[in-house]
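A short worksheet on the structure shown next.
In this text the structure is predicted, and so the values were computed from the model without any measurement.
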Amino acid sequence: MKGEKKYSPRRILLMFVGILLIGMCVASYRMSGFGVDAFSCMNLGVSGFLRMSFGTWQLIINAVLLVIVWFTIRHCIGLGTVVNMVCVGYTADFLCWVFLDQIGLTVTLPLRILFLILGTLLASLGCACYMIANMGISPYDSVAFIIVKYAHEKISFRLARVLSDLVVIVIGVTFCVMAHNSIWQIVGLGTIVNACVNGPLIQFFRDRIKKLLD
């Protein structure tokens, strides 16, 4: 994609495909029942402590992160940032509604494990796609790049992503405990798997997709 225009049809398509995959990832994690992704874990923990709706708190934290990104690595903000913030949640809600409410899918243990694996792969592949499209990424996905920048690239993206995911999980669990809520409502096997492998898998998919497109 070297030399390709910022808003070329191929970049726009790659951005939308990536965000669609992210929405499918969130739906898969929710249907697996093994825990949500790291960022949702933090938001559920904090919103429960503040007795605030999940959507309202997520909007606030995204706005705060967006300001930080604007003053640090504003090149990460673009059309994809807005589409991501608006569409991921609705895509996940729609897919859960179709499979659970309309089709009435019975989520057995084998299916839960399958959804966990799918969610992990779709999360990384989706992030890789819309990062390569370079039309803006979500505020939270920018955090790893901020860490890399201010560590003067002494920390790899893989490690930066794992560190940021683990930190937000700890924050979510801490606020959940302070609110005397069950931590199993927000964290589980899927949360840990996502936090530990998402960074390396994003880098894995980015390297291979770039080779296919360049």
Side-chain angles (χ1 to χ4, degrees), residues 1 6 10-30 32 34-43 58 61-62 65-66 68-69 72-92 95 115-149 153 155-169 172 190-214:
M1 299 179 73
K6 179 75 173 179
R10 186 162 65 156
R11 286 187 185 274
I12 293 174
L13 177 62
L14 193 61
M15 179 266 290
F16 275 107
V17 167
I19 292 173
L20 174 62
L21 292 175
I22 295 294
M24 293 169 63
C25 143
V26 176
S28 294
Y29 275 135
R30 286 169 59 179
S32 78
F34 281 121
V36 295
D37 63 278
F39 189 50
S40 296
C41 172
M42 180 187 73
N43 291 332
Q58 181 146 305
I61 193 64
N62 269 322
L65 290 175
L66 193 62
I68 295 172
V69 174
T72 54
I73 48 172
R74 68 181 63 179
H75 65 274
C76 287
I77 299 174
L79 176 62
T81 306
V82 178
V83 175
N84 183 290
M85 293 171 65
V86 173
C87 294
V88 169
Y90 289 119
T91 299
L95 290 174
F115 281 133
L116 171 61
I117 296 171
L118 281 175
T120 301
L121 293 175
L122 291 172
S124 306
L125 180 58
C127 283
C129 285
Y130 79 80
M131 284 179 181
I132 290 172
N134 195 27
M135 296 185 65
I137 60 179
S138 73
Y140 178 68
D141 286 329
S142 301
V143 171
F145 290 104
I146 294 174
I147 294 173
V148 171
K149 176 182 178 180
E153 300 188 356
I155 296 178
S156 68
F157 173 83
R158 298 177 184 85
L159 179 58
R161 180 63 188 232
V162 170
L163 288 173
S164 61
D165 282 349
L166 290 176
V167 167
V168 294
I169 289 174
T191 312
I192 304 302
V193 170
N194 179 274
C196 293
V197 306
N198 204 27
L201 280 177
I202 290 174
Q203 189 63 57
F204 173 83
F205 285 124
R206 284 177 67 193
D207 292 342
R208 277 145 188 81
I209 293 173
K210 279 182 178 179
K211 289 180 181 179
L212 289 174
L213 295 178
D214 287 343

Mind listing the closest non-hydrogen atom pair of [X] and [Y] along with its distance?
X: Ile132; Y: Arg11; value: O-NH1, 3.6 Å
X: Ser142; Y: Val69; value: CB-CG2, 3.6 Å
X: Leu21; Y: Gly126; value: CB-CA, 3.7 Å
X: Thr72; Y: Lys149; value: O-NZ, 2.7 Å
X: Ile19; Y: Gly80; value: CD1-O, 3.6 Å
X: Leu201; Y: Ser124; value: CB-OG, 3.2 Å

Is there a side-chain contact between [X] and [Y] (heavy atoms, below 4.5 Å)?
X: Thr81; Y: Leu66; value: yes
X: Cys127; Y: Asp141; value: yes
X: Ile209; Y: Leu125; value: yes
X: Asp165; Y: Tyr140; value: yes
X: Ile22; Y: Cys129; value: no
X: Met131; Y: Phe145; value: yes
X: Arg161; Y: Val143; value: no
X: Asn43; Y: Phe39; value: yes

Scan the side chains in residues 82-89 for donor-acceptor partners under 3.5 Å anywhere in the protein, sequence neighbours excluded, and list what turns up.
from: Asn84; atom 1: ND2; to: Tyr130; atom 2: OH; distance (Å): 3.3

Next on the checklist: Quick one, Thr191 with Tyr29, criterion side-chain contact (heavy atoms from CB on, under 4.5 Å). Give me CA distance, side-chain angles, the key distance, then yes/no.
Outcome noted: CA-CA 9 Å; Thr191 312; Tyr29 275 135; over 6 Å; no

Item to check | Test side-chain contact (heavy atoms from CB on, under 4.5 Å) applied to Ser40 - qualifying residues, sequence neighbours left out | outcome: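 Ser40 satisfies side-chain contact (heavy atoms from CB on, under 4.5 Å) with Val36, Asp37, Phe54 only.
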
Could you give the distance from [atom1] ([X]) to [atom2] ([Y]), rounded to the nearest 0.5 Å?
X: Phe34; Y: Thr120; atom1: CZ; atom2: OG1; answer: 11.0 Å
X: Ile169; Y: Cys41; atom1: CD1; atom2: SG; answer: 5.5 Å
X: Ser28; Y: Leu95; atom1: OG; atom2: CG; answer: 8.0 Å

Checklist entry - Would Ile202 and Arg206 count as a side-chain contact (heavy atoms from CB on, under 4.5 Å) if you check the C-alpha gap in whole Å, the side-chain angles of each, and the deciding distance to 0.1 Å? => result CA-CA 6 Å; Ile202 290 174; Arg206 284 177 67 193; 3.7 Å; yes

Item to check | Verdict with supporting geometry, Phe115 and Arg30, side-chain contact (heavy atoms from CB on, under 4.5 Å) | outcome: CA-CA 9 Å; Phe115 281 133; Arg30 286 169 59 179; over 6 Å; no

Next on the checklist: Arg158 vs Val162, test: side-chain contact (heavy atoms from CB on, under 4.5 Å). Steps then yes/no.
Outcome noted: CA-CA 6 Å; Arg158 298 177 184 85; Val162 170; 5.7 Å; no

